[in-house]
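Okay, structure first, notes after.
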2 protein chains.
Amino acid sequence: MNLKQLSEHLKLSQTTVSRALNGYPEVSEATRQRVLKAAQDLNYRPNTRAKGLATGRSMAIGHVIPVSTQHEMVNPVFGDFIAGAGEIYSREGYDMVLSLIADRDEASAYQDIRSRGMVDGIIVHGPVINDVRIAMLSRIGLPFVVHGRSTDVNLPYSWVDVNNRGAFERGTQFLIELGHRRIGLLNGLEHMDYAFRRRSGYERALAAQGLAPDPALMRSAEMTEIYGYRAAREMLMLGDAPTAFLCSSIITAIGVRRAVHEAGLTLARDVSVITFDDELSYLQNGDDVPIFTALRSSVRQAGRQAADMLLSLIARPKDAPGSQLLEADLIIGRSTGPAPR
Amino acid sequence: MNLKQLSEHLKLSQTTVSRALNGYPEVSEATRQRVLKAAQDLNYRPNTRAKGLATGRSMAIGHVIPVSTQHEMVNPVFGDFIAGAGEIYSREGYDMVLSLIADRDEASAYQDIRSRGMVDGIIVHGPVINDVRIAMLSRIGLPFVVHGRSTDVNLPYSWVDVNNRGAFERGTQFLIELGHRRIGLLNGLEHMDYAFRRRSGYERALAAQGLAPDPALMRSAEMTEIYGYRAAREMLMLGDAPTAFLCSSIITAIGVRRAVHEAGLTLARDVSVITFDDELSYLQNGDDVPIFTALRSSVRQAGRQAADMLLSLIARPKDAPGSQLLEADLIIGRSTGPAPR
DNA sequence: CGGGTTTTCCAAAGCGCTTTGAAAGAGGTT
DNA sequence: AACCTCTTTCAAAGCGCTTTGGAAAACCCG
């Protein structure tokens with residue numbers, strides 16, 4: 001069933017039917033109702049491609065996931081982010097298209113996306129420090145919103161990010177106030193912008209108390225469970241082992257917990273752990289009392305806000321880029337306590 | 001840059017340029033090279049929508065994620081599945097479009113997808129027992145592959161699934177052979193087909209040894225960490241507590257481990273745990289020696305196979321539906337041991 | 001060199017929609 | 001009744017590509 005058939009069936013022109021369907025005023029209410037009814041009955045849906053061709057808009061948003069060739073991990077945060085974004089898209093009638101692109105041919109990939117015209121805008125995931133994609137996309141002129149930010153990029157661009165530096169500064173400071181002096185940092189990959197910021201927050205808090213960061217207590221890797229486990233185990237075997245850990249992900253924190261238990265130690269009493277908590281739906285951090293003391297910020301909410309921002313950017317391309325800095329809450333759970341003596 | 005401009009620039013007709021670009025034989029090698037070179041230099045990319053309109057194919061695959069209104073969780077398995085499928089798609093030049101659809105308007109949603117013509121085929125996620133979507137899609141005539149199967153659906157359809165029943169039967173049997181008699185089942189939601197099959201495998205193994213399933217030891221819920229924790233904690237407080245658990249997800253198993261530790265017990269020695277392991281990239285089950293004894297099957301691989309199957313179904317729609325049953329390996333880790341006496 | 005074959009290229013139609021510019025119809029005014 | 005103004009409807013062009021049905025050019029061979 002297409003427009004032509006529908007209009008023939010109604011004995012109206014395609015123009016009128018199209019207008020009736022799209023809510024234009026120059027069609028009488030009576031015929032509009034008649035058209036709507038027929039469309040409903042005959043199960044008519046306009047063809048997306050044809051509509052896109054005619055209007056120049058595709059009603060779809062692209063999400064570009066960089067798939068690193070060496071670390072071919074899917075960021076666990078991703079699922080919840082797009083769930084959030086998807087809520088907004090479906091409300092506004094947008095589709096979501098995913099492009100997994102290998103990092104080596106990113107350069108052409110964005111050009112491609114632009115000229116192939118599949119999407120009206122894109123969300124950029126996983127920005128690194130000084131991310132070239134931002135300049136590239138600005139030049140290309142495709143509306144985009146970055147989930148995160150990119151240090152050293154001085155162009156204006158739209159982003160939604162959590163205050164990573166502030167959060168880790170606060171977490172570190174909280175541990176210091178509990179008397180901890182040796183604090184392990186189990187960070188994500190530090191070429192990623194968020195991880196870079198987290199480390200700088202950690203270092204700032206240490207510096208504020210006159211503590212020197214110890215490279216032996218600072219790790220950076222993909223945030224898997226096993227990374228948390230290994231790093232914590234190794235650090236706990238040091239002569240001057242840390243009494244606390246700051247983790248970039250609840251998954252890593254779970255690995256830390258495993259190492260702590262295996263070493264015969266008890267969380268909070270012997271070793272404190274604070275983790276960043278993205279509020280992943282399948283890894284809730286406890287219910288009434290959180291398992292881990294955490295810096296909490298909902299990635300699903302970030303998805304919603306990024307989507308919202310992108311859609312309004314598409315609606316009003318002349319607007320100045322917006323930005324949104326989300327604060328992470330420090331929530332006290334059962335994994336922190338005063339430093340042992 | 002569009003075809004018209006490119007052809008004018010080359011002083012050729014659009015036809016010839018199009019043919020040269022798409023590898024048709026009726027164009028001389030010399031002009032083909034010339035066209036290819038110009039396209040490259042001028043950064044020409046055919047417009048997807050226009051191409052789709054003209055060819056009737058959209059070169060995109062839809063993934064429909066049912067977003068339950070009450071349990072609005074994103075299945076953690078999803079990320080790795082699409083990573084696998086995405087590999088195939090990008091190799092074959094397909095895009096991936098995600099539709100999160102609320103379960104209440106599923107009926108119309110598939111019709112929509114079909115008539116809006118955004119995709120050439122779809123992957124159906126999360127089939128339940130007697131899933132109505134299968135009949136619906138068959139009727140609509142849109143190629144599809146189900147990730148999983150649906151008990152009680154008697155139509156032929158294409159699917160890729162892991163042998164859930166066999167896996168859980170084997171896991172249960174393994175525990176029984178270790179001397180366990182009270183075995184807790186921490187299953188996923190049992191209206192989901194995979195969970196239903198897992199339970200039936202569990203029950204079958206019990207029955208084979210003349211053991212009666214005890215409803216007090218069987219739970220069914222969304223596979224979160226906290227669910228594993230709570231369920232295990234409660235069962236461990238029973239008068240005749242289970243000495244082993246069978247978990248549907250490594251995430252749930254992590255919750256069980258937490259409950260076991262909290263109860264002052266030791267994994268393998270006091271309580272055994274076997275889990276299904278989808279080989280999630282951020283939750284590797286150990287490295288050399290697995291943490292958990294597990295039934296392992298890569299969901300990423302399943303994604304690849306489902307994508308492959310769908311693409312060939314699209315290429316040859318007349319083919320009979322195919323199917324692929326993946327076997328899960330039983331791998332021995334550090335979470336199982338002989339039943340304590 | 002003329003006729004047939006093959007190669008190379010092209011004009012135009014069509015995919016399903018929106019939208020412009022214009023015409024027809026209805027209603028009101030003098 | 002003639003004129004004007006809204007309202008309602010329409011025919012046709014256009015979005016960027018593919019593809020059909022030919023035509024022109026090149027080639028081959030007796």
Side-chain angles (χ1 to χ4, degrees), chain A residues 1-36 38-39 42-60 93-95 111-120, chain B residues 1-36 38-39 42-60 93-95 111-120:
Chain A
M1 170 61 54
N2 59 23
L3 224 212
K4 188 170 174 198
Q5 295 165 344
L6 180 61
S7 63
E8 280 166 0
H9 173 258
L10 283 163
K11 306 217 189 309
L12 286 174
S13 75
Q14 295 190 34
T15 313
T16 308
V17 176
S18 171
R19 296 209 140 134
L21 255 22
N22 293 310
Y24 282 77
E26 50 277 83
V27 45
S28 73
E29 199 48 37
T31 51
R32 184 191 307 283
Q33 289 308 330
R34 199 161 70 90
V35 170
L36 252 27
L42 298 175
N43 234 307
Y44 168 77
R45 300 279 186 296
N47 179 300
T48 311
R49 289 188 300 255
K51 190 162 184 163
L53 234 204
T55 57
R57 311 193 46 199
S58 57
M59 297 304 281
Y94 275 80
D95 283 306
Q111 263 294 355
D112 263 49
I113 289 173
R114 165 63 166 168
S115 33
R116 294 179 44 233
M118 269 286 286
V119 301
D120 294 332
Chain B
M1 172 60 51
N2 59 23
L3 223 212
K4 187 171 176 194
Q5 294 165 343
L6 180 62
S7 64
E8 280 166 2
H9 173 259
L10 283 163
K11 306 214 189 305
L12 285 173
S13 76
Q14 297 190 33
T15 311
T16 307
V17 176
S18 170
R19 295 208 141 133
L21 257 22
N22 293 310
Y24 282 76
E26 48 279 82
V27 48
S28 72
E29 199 49 34
T31 50
R32 184 191 307 282
Q33 289 308 328
R34 199 161 69 88
V35 170
L36 251 29
L42 298 174
N43 234 309
Y44 168 77
R45 301 278 185 296
N47 179 298
T48 311
R49 289 188 299 254
K51 190 162 183 163
L53 233 205
T55 57
R57 311 190 48 199
S58 57
M59 297 303 281
Y94 276 80
D95 284 305
Q111 262 293 356
D112 262 48
I113 290 174
R114 166 61 165 169
S115 32
R116 293 181 43 231
M118 268 285 287
V119 300
D120 293 333

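A note on names: the letters A, B, ... follow the listed sequences, proteins ahead of strands, and every chain is numbered from 1.
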Holding to side chain to side chain donor-acceptor pair (under 3.5 Å), I want the full list of residues that pass it with Arg114(A), two or more places apart in sequence or in another chain. none

Residues forming a side chain to side chain donor-acceptor pair (under 3.5 Å) with Ser7(A), sequence neighbours excluded: none

Nearest whole angstrom, please: distance from the C1' of dT18(C) to the CG of Leu6(A). 15 Å

Arg32(A) CZ to dT9(D) P, in whole Å, measures 10 Å

We want to know whether Thr16(A) and Ser13(A) form a side-chain donor-acceptor pair, criterion being a heavy-atom distance below 3.5 angstrom. yes

Checking side-chain polar atoms at under 3.5 Å, does Thr31(B) have a donor or acceptor matched by the opposite partner on Ser28(B)? yes

What one should report as the nearest heavy-atom pair of Ala39(B) and Leu21(B) is CB-CD1, 4.2 Å

Step by step, work out the side chain to side chain contact (heavy atoms under 4.5 Å, CB included) result for Arg34(A) and Leu10(A). CA-CA 8 Å; Arg34(A) 199 161 70 90; Leu10(A) 283 163; 3.9 Å; yes

Note down the inter-axis angle between the two ends of the helix from dC1(C)-dG30(D) to dT30(C)-dA1(D), five pairs each, to the nearest 10°. 60°

Give me each pair satisfying salt bridge (Lys or Arg N to Asp or Glu O under 4.0 Å) with a member in residues 44-56 of chain A, each pair once, sequence neighbours excluded. Arg45(A)-Asp112(B)

Quick one: salt bridge (Lys or Arg N to Asp or Glu O under 4.0 Å) pairs with a partner in residues 24-33 of chain A, sequence neighbours left out? Glu29(A)-Arg32(A)

Would you give a per-nucleotide map of nucleotides 8-16 of chain C, 5' to 3', where B means the base has a protein non-hydrogen atom under 4.0 Å away, S means only the sugar-phosphate does, and - means neither? BBBBB-BBB

